[in-house]
Every structure is written in structure tokens, then in C-alpha cells.
Amino acid sequence: MATYTLPELPYDYSALAPVISPEIIELHHDKHHAAYVKGANDTLEQLAEARDKDQWGSINGLEKNLAFHLSGHILHSIYWHNMTGDGGGEPLEKDGVGELADAIAESFGSFGKFKAQLTKASATTQGSGWGVLAYEPVTGRLIVEQIYDHQGNVGQGSVPILVFDAWEHAFYLQYKNQKVDFIEAMWQVVNWQDVAKRYTSAKERAHNLLLAP
């Protein structure tokens, strides 16, 4: 039985239009995300075979493949729920996400400064990667990470709560090579309710992630 499975989308293919076209959502979820799920499962099988045969000649490649595909699966699973056709704007107390809004202001100075940093981090990722807002459990603050591929340049223990996919397959059919236009448009569909829930959950579990008791 497969260890990882492709999650269903929380909306239909057209729910994020016109920011993201139905064609992109279908291809992105059904083909690209599905490929990461299959890759993670296939790699686990190959690692099991290596253990059974005590043959470790390909261990470096297998470990890298597992990190790549598993991180791709996890980040995409967050990505779908981070967006909604009714989203956008900024987190506000009147919408029930005041705790998140306060944390952003405390960590970055203001929402505007945070938005600028995440936009730049996402849009200037070299090659393929992500821009990520993460909860950093050692200091209890929010940080922005610029992730290469799916797994490089990650602060250990940080928990992603808002992710912007900056791989070409996320936008090229609609935005061509204008990655920055896509990232700017992404702010129109951010699901702050989902981000706030992830922030609360990450903060509540922080004591399990600290370097020492």
C-alpha cells in the first residue's frame, strides 16, 4: 500500500480564476503534484530494497530523491489550502486572524514590509523553488525562506505556513516568463484563515521542536 497519496483539491479547477487558470490548476495538481507523490513512494520502495539486500551503492541519490519528492508533496499539499477564491487583502483582527497579523507585524515591522520580502524572495528564486512564510520555533518568530527546488535552503525545524510556488509549471501557461506578475497576483487569493490556523498549530507544538528542553 502506498505511503503517500495525492490529496483532493479543496475547490474545483476554476475556483482561483482569473488569478490562476483552470488549466494550470488541473495540470499542476493532477500531473505535477501526483508525480511527487509517486516519486516519494517509489523511493521508499527502493530504500526498502536496499535495506533488504544490504546494497548501498545508490544511497546518496535515493536520500536526495526522497527529500525532493517528499518536500514537493508536502509543500503542494499546503499550497492548495493556502489559496481561496474569496481570499486576498491582509490578515485583520476583524476577520478573526488578529494573532497572525500581530505576529507578522512583530516579526517584520509591518504587513507591507512582510509582503515586500516574501514577494521578492519568491520572484527572485533562481531556477525552481518557493517563497515561504515559516514559523521558527527556537525564537518563536516568523521568517521568510527562499527554498530552492523543494528542499534546499531550509532552516531546520521551521514550519511552513504560507507557500508561494515559483516553479515555472505553476504559472508559465498563463504568465509566460513574468514570474513577478504571478507572485503579485498570488496575494489576491491568499487564504488567511488557513494561514492563521497553521500559525496557531505550529506555535502550540513549538515545545516539541526546540533544540533542548
Asks: Are Asp30 and Tyr13 linked by a side-chain donor-acceptor pair shorter than 3.5 Å?
Replies: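 There is such a pair between these side chains.
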
Asks: Here's a test for you: under ring pair (Phe, Tyr, Trp, His ring centres under 6.0 Å), which of His73, His28, His169 qualifies with His33?
Replies: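 Passing option: His73.
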
Asks: Below 4.5 Å, heavy atoms only, C-beta onward: do Ile183 and Phe171 meet side chain to side chain?
Replies: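 Sidechains of Phe171 and Ile183: no contact.
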
Asks: How close do Ile24 and Ala170 get, heavy atom to heavy atom, and via which atoms?
Replies: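 Heavy atoms only, the tightest pair is CG2-O, 3.4 Å.
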
Asks: Please check if the number of heavy atoms outside Glu26 that lie under 6.0 Å from its CD is greater than 12.
Replies: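 More than 12 within 6.0 Å, yes.
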
Asks: Ile147, Ile143: one ILVMFWY side-chain cluster at the under-4.5 Å cut-off?
Replies: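 No, it is not one cluster - the side chains of Ile147 and Ile143 are not joined through contacts under 4.5 Å.
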
Asks: Applying salt bridge (charged side-chain N to carboxylate O under 4.0 Å, His left out), which residue pairs with at least one partner in residues 42-57 are found, sequence neighbours left out?
Replies: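 Of all non-adjacent pairs touching residues 42-57, those that pass salt bridge (charged side-chain N to carboxylate O under 4.0 Å, His left out) are Lys38-Asp42, Glu49-Lys53.
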
Asks: Could you please spell out the steps behind the side chain to side chain contact (heavy atoms under 4.5 Å, CB included) verdict for Phe108 and Val144?
Replies: CA-CA 9 Å; Phe108 299 99; Val144 165; 3.8 Å; yes

Asks: To the nearest 0.5 Å, what is the distance between CG (Leu6) and CG (Asn41)?
Replies: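 Result: 11.0 Å between the selected atoms.
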
Asks: Under 3.5 Å, side chain of Trp192 to main-chain N/O of Gly89, donor-acceptor pair present?
Replies: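 Yes; judged by distance alone, with no hydrogens or angles, the pair exists.
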
Asks: If I take atom CG from residue Leu100 and atom CG from residue Leu142, how far apart are they, to the nearest 0.5 angstrom?
Replies: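 If I round to the nearest 0.5 Å, the distance is 7.0 Å.
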
Asks: How far apart are the C-alpha atoms of Tyr199 and Leu133, what are their side-chain angles, what is the distance that settles it, and do they pass the side chain to side chain contact (heavy atoms under 4.5 Å, CB included) test?
Replies: CA-CA 10 Å; Tyr199 169 68; Leu133 173 67; over 6 Å; no

Asks: State the CD1-CG distance between Ile25 and Leu16, to the nearest 0.5 angstrom.
Replies: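 If I round to the nearest 0.5 Å, the distance is 4.5 Å.
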
Asks: Side-chain heavy atoms under 4.5 angstrom apart, residues restricted to Ile, Leu, Val, Met, Phe, Trp, Tyr: same cluster for Val180 and Val189?
Replies: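 No, because Val180 and Val189 fall into different hydrophobic clusters, even though each may have its own neighbours under 4.5 Å.
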
Asks: Output all residues satisfying ring pair (Phe, Tyr, Trp, His ring centres under 6.0 Å) with Phe164, sequence neighbours left out; order by chain, then residue number.
Replies: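 Phe164 satisfies ring pair (Phe, Tyr, Trp, His ring centres under 6.0 Å) with Trp187 only.
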
Asks: Tell me, which pairs form a salt bridge (charged side-chain N to carboxylate O under 4.0 Å, His left out) where one or both residues lie in residues 184-200, sequence neighbours left out?
Replies: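 Every salt bridge (charged side-chain N to carboxylate O under 4.0 Å, His left out) pair that includes a residue of residues 184-200, provided the two are not neighbours, is Asp194-Arg198.
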
Asks: Do you know which two heavy atoms are closest between Thr139 and Arg141, and how far apart they sit?
Replies: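 Heavy atoms of Thr139 and Arg141 come nearest at OG1-CG, 2.8 Å.
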
Asks: Ignoring hydrogens, what is the shortest heavy-atom contact between Tyr11 and Trp80? Give both atom names and the distance.
Replies: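 That would be OH-O, 2.7 Å.
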
Asks: His69: which residues meet the ring pair (Phe, Tyr, Trp, His ring centres under 6.0 Å) condition with it, sequence neighbours left out?
Replies: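 Partners of His69 by the ring pair (Phe, Tyr, Trp, His ring centres under 6.0 Å) criterion come out as none, since no residue qualifies.
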
Asks: Compare every heavy atom of Pro160 with every heavy atom of Val132, then report the nearest pair and how far apart it is.
Replies: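 It is CG1-CB, 3.7 Å.
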
Asks: Ignoring hydrogens and angles, state whether a donor on the side chain of Trp167 or His32 is under 3.5 Å from an acceptor on the partner side chain.
Replies: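 There is no such pair between these side chains.
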
Asks: What distance separates Leu92 CG from Phe111 CZ, expressed to the nearest 0.5 Å?
Replies: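 That separation rounds to 8.5 Å.
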
Asks: Could you tell me whether a side-chain N or O of Ser58 sits under 3.5 Å from a main-chain N or O of Gly61, the two making a donor and an acceptor?
Replies: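 A pair under 3.5 Å: no.
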
Asks: Give the minimum heavy-atom separation between Ser77 and His81, together with the two atoms involved.
Replies: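 Minimum heavy-atom contact is O-CD2, 3.4 Å.
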
Asks: Under a plain distance cut-off of 3.5 Å, with no hydrogens placed, do Asp165 and His76 share a side-chain donor-acceptor pair?
Replies: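 Result is yes, a qualifying pair exists.
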
Asks: Can you name the residues that form a side chain to side chain contact (heavy atoms under 4.5 Å, CB included) with Asp181, not counting sequence neighbours?
Replies: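 So Asp181 forms a side chain to side chain contact (heavy atoms under 4.5 Å, CB included) with Tyr175, Gln178.
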
Asks: Name all pairs fulfilling the side chain to side chain donor-acceptor pair (under 3.5 Å) condition that reach into residues 143-158, sequence neighbours left out, sorted by first residue then second.
Replies: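 Non-adjacent pairs meeting side chain to side chain donor-acceptor pair (under 3.5 Å): Tyr36-His150, Thr124-Gln146, Trp130-His150, Glu145-Ser158, Gln146-Tyr148.
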
Asks: In Å, rounded to the nearest 0.5 Å, how long is the span from CD of Gln117 to OG of Ser122?
Replies: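 Answer rounded to 0.5 Å: 10.0 Å.
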
Asks: Looking at every heavy atom in both Val97 and Ala196, which two are closest together, and how far apart are they?
Replies: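 Closest pair (atom of Val97, atom of Ala196, distance): CG1-CB, 3.4 Å.
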
Asks: Taking Val195's backbone N and O only, do any of them form a donor-acceptor pair with Asn82's side chain (distance below 3.5 Å, no angle check)?
Replies: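 Not confirmed, Asn82 side chain does not pair with Val195 backbone.
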
Asks: Taking the side chain as every heavy atom from C-beta outward, state whether Met83 and Ile20 have any pair of such atoms under 4.5 Å apart.
Replies: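 Side chain of Met83 against side chain of Ile20, heavy atoms only: contact under 4.5 Å found.
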
Asks: Would a distance-only check, ignoring hydrogens and angles, find a side-chain to backbone donor-acceptor pair under 3.5 Å from Asp12 to Ser14?
Replies: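 Answer holds: yes.
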
Asks: Does Asp102 form a side chain to side chain contact (heavy atoms under 4.5 Å, CB included) with Glu93? I'd like the steps, not just the answer.
Replies: CA-CA 9 Å; Asp102 291 343; Glu93 183 175 1; over 6 Å; no

Asks: Tyr4 and Leu44: side chain to side chain contact (heavy atoms under 4.5 Å, CB included), yes or no, with the steps?
Replies: CA-CA 10 Å; Tyr4 301 107; Leu44 286 180; 3.6 Å; yes

Asks: Do Gln174 side-chain atoms and Pro18 backbone N/O form a donor-acceptor pair below 3.5 Å?
Replies: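 Confirmed, Gln174 side chain pairs with Pro18 backbone.
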
